[in-house]
Structure formats: C-alpha cells, structure tokens
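In what follows, a single structure is set out as structure tokens and then discussed.
Just the heavy atoms: all of them, side chains too, but no hydrogens, waters or symmetry mates, feed the values below. Throughout, a chain's letter reflects where its sequence line sits, starting with A, and its residues are numbered from 1.
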Amino acid sequence: QQPVQSPQAVILREGEDAVINCSSSKALYSVHWYRQKHGEAPVFLMILLKGGEQKGHEKISASFNEKKQQSSLYLTASQLSYSGTYFCGTPNKDTPLVFGKGTRLSVIA
Amino acid sequence: GAVVSQHPSWVICKSGTSVKIECRSLDFQATTMFWYRQFPKQSLMLMATSNEGSKATYEQGVEKDKFLINHASLTLSTLTVTSAHPEDSSFYICSASGTDYYEQYFGPGTRLTVT
C-alpha cells in the first residue's frame with residue numbers, strides 16, 4: 001500500500017520553512033525519509049520508529065504519529081542544497097520499503 | 001554508514017540484447033537485497049526482493065523471466081534484463097539490508113537506455 005505524500009511540489013525562497021506530510025491507510029511500524037537529487041539515488045535522511053518520536057538533524061526534523069498513521073518532515077530556514085524530491089517509505093514488519101510518489105522541493109535564491 | 005555499489009552506472013544497449021547489473025554491499029553482509037525501477041519524475045517502484053541463496057520474490061506485474069535476479073552471496077546480487085526493449089529504459093536502483101528491513105542502503109543506481 002503506497003503512502004500518500006503532500007504536497008506534490010513546493011517552491012521556497014532561501015530561509016523559508018516547509019512541511020511535507022506522509023500518511024498511510026495501514027498501520028505503520030516505522031517511516032523512512034529520503035531525499036533524491038536529479039539523476040542520483042535516494043539518500044537516507046532518517047528513520048522514525050513507533051512511539052511518537054521526533055528526530056532531527058540540523059534544520060531538518062520529523063515527527064511520527066502512529067495513531068494517525070502519518071509522519072511529517074519539517075525543513076526550517078531552507079537552503080539551496082535542500083532542493084530535490086523527498087520520499088517517505090513505509091515498511092511493514094516483513095515487507096520492504098514502499099515509497100510515496102514524492103514531493104518535489106525547489107529552493108530559490 | 002553502509003556502502004552499496006552498482007555497476008555499471010550507465011549502459012546503452014540495442015533492443016533484443018541482455019544487460020546485467022551488479023549490486024554489491026561493500027562493508028556489510030546483506031541478507032536481503034531489493035531492486036527498484038524509477039521512470040523519469042516518478043517514484044521508486046519495487047521490482048523484487050532477493051534473499052541470499054534463494055529465489056527472488058517478484059512484485060505483481062514484474063516478469064520474472066525477463067528480469068532475472070541472482071543473489072549468489074551475502075555481498076552480491078545481479079539483475080539481468082533479458083531481451084531488452086526501449087520501454088525497459090529506466091533508472092534501476094538496488095538496496096541492501098542486514099537482519100531486518102528497517103534500514104535499507106541504496107546503491108547509486110544504473111541508468112539503462114535501450115535503443
């Protein structure tokens with residue numbers, strides 16, 4: 001079951017914030033976030049596990065609400081290097097990652 | 001972090017020929033490897049899951065006789081696209097995991113162009 005991401009695309013100016021959402025109709029054990037630059041493979045950002053945890057790395061953080069079966073990725077004070085397509089991936093216990101359709105983020109100067 | 005390599009990084013072949021793509025885990029033993037395909041501006045679609053020493057599990061709609069997967073060791077999986085056609089042109093990405101699926105490490109991808 002493919003998770004649903006929103007928005008599909010967003011354009012930001014440097015320094016602005018953005019939120020990308022990921023939701024599933026099935027129970028989630030964990031949520032993975034990746035960023036992909038054009039022509040490159042996805043790069044791992046973070047995994048969030050059950051327990052409603054939040055994680056962050058520098059100015060990118062995420063939350064996971066397993067009751068609502070959704071996760072959100074927060075990008076604060078965006079930089080040009082944040083541009084790319086963000087994918088959430090949701091595995092079940094015994095199945096590999098199924099990716100959402102992606103959110104295309106463009107940061108402009 | 002764990003490193004996964006793919007070879008070749010790009011390949012151009014003629015219609016009707018076969019192409020083999022290698023995926024290697026360089027610094028860990030990959031119990032399971034996954035093969036994804038990505039068309040331009042689309043998401044990654046899982047093609048198959050392979051466990052070392054056993055037959056691959058293919059996703060619905062993926063022809064197992066066309067996309068041959070071999071996972072001969074804990075560090076190497078290969079995908080062979082047989083009798084390639086232009087519609088097989090895509091970005092093929094492998095990933096590998098250790099003892100569970102919670103962490104998957106992606107290779108850099110192979111861009112296949114069939115002329």
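Of all the listed residues (Pro108(B), Gly109(B), Ser95(B), Ser9(B)), the one sharing the greatest number of non-hydrogen pairs under 4.5 Å with chain A is Pro108(B). By number of non-hydrogen pairs under 4.5 angstrom with chain A, the leading residue of Lys41(B), Met45(B), Gln6(B), Gln42(B) is Lys41(B). Heavy-atom pairs under 4.5 Å with chain B were tallied for Pro42(A), Gly102(A), Gly89(A); the largest tally goes to Pro42(A).
Enclosure of atom CD in Gln8(A) is not indicated, since only 12 or fewer non-hydrogen atoms of other residues, nucleotides or ligands lie within 6.0 angstrom. Other residues, nucleotides and ligands contribute more than 12 heavy atoms inside 6.0 Å of the CG atom of Leu26(B). Other residues, nucleotides and ligands place no more than 12 heavy atoms under 6.0 Å from the NZ atom of Lys20(B). Atom NE2 of His85(B) is surrounded by more than 12 heavy atoms from other residues, nucleotides or ligands within 6.0 Å. Within a 6.0 Å sphere centred on NZ of Lys68(A), other residues, nucleotides and ligands contribute 12 heavy atoms or fewer.
Looking only at side-chain heavy atoms (C-beta outward), Gln36(A) and Ile93(B) come within less than 4.5 Å of each other.
Annotation: the span from Phe44(A) atom CZ to Phe106(B) atom CZ amounts to 10.5 Å, rounded to 0.5 Å.
Cluster membership check: Ile60(A) shares its hydrophobic cluster with Leu48(A), using side-chain heavy-atom separations under 4.5 Å among Ile, Leu, Val, Met, Phe, Trp and Tyr.
In this structure, the portion of Leu46(B) lying under 4.5 Å from any heavy atom of chain A is its side chain and not its backbone. Looking at Phe87(A), the atoms closer than 4.5 Å to chain B (heavy atoms on both sides) all sit in the side chain, from C-beta outward.
For the side chain to side chain donor-acceptor pair (under 3.5 Å) test, no residue two or more places apart in sequence or in another chain qualifies with Tyr92(B).
When every heavy atom of Lys101(A) is checked against every heavy atom of Ser43(B), the shortest pair comes out as CA-CB, 3.8 Å.
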- Worked check of side chain to side chain contact (heavy atoms under 4.5 Å, CB included) between Leu97(A) and Phe34(B): CA-CA 9 Å; Leu97(A) 283 172; Phe34(B) 310 92; over 6 Å; no

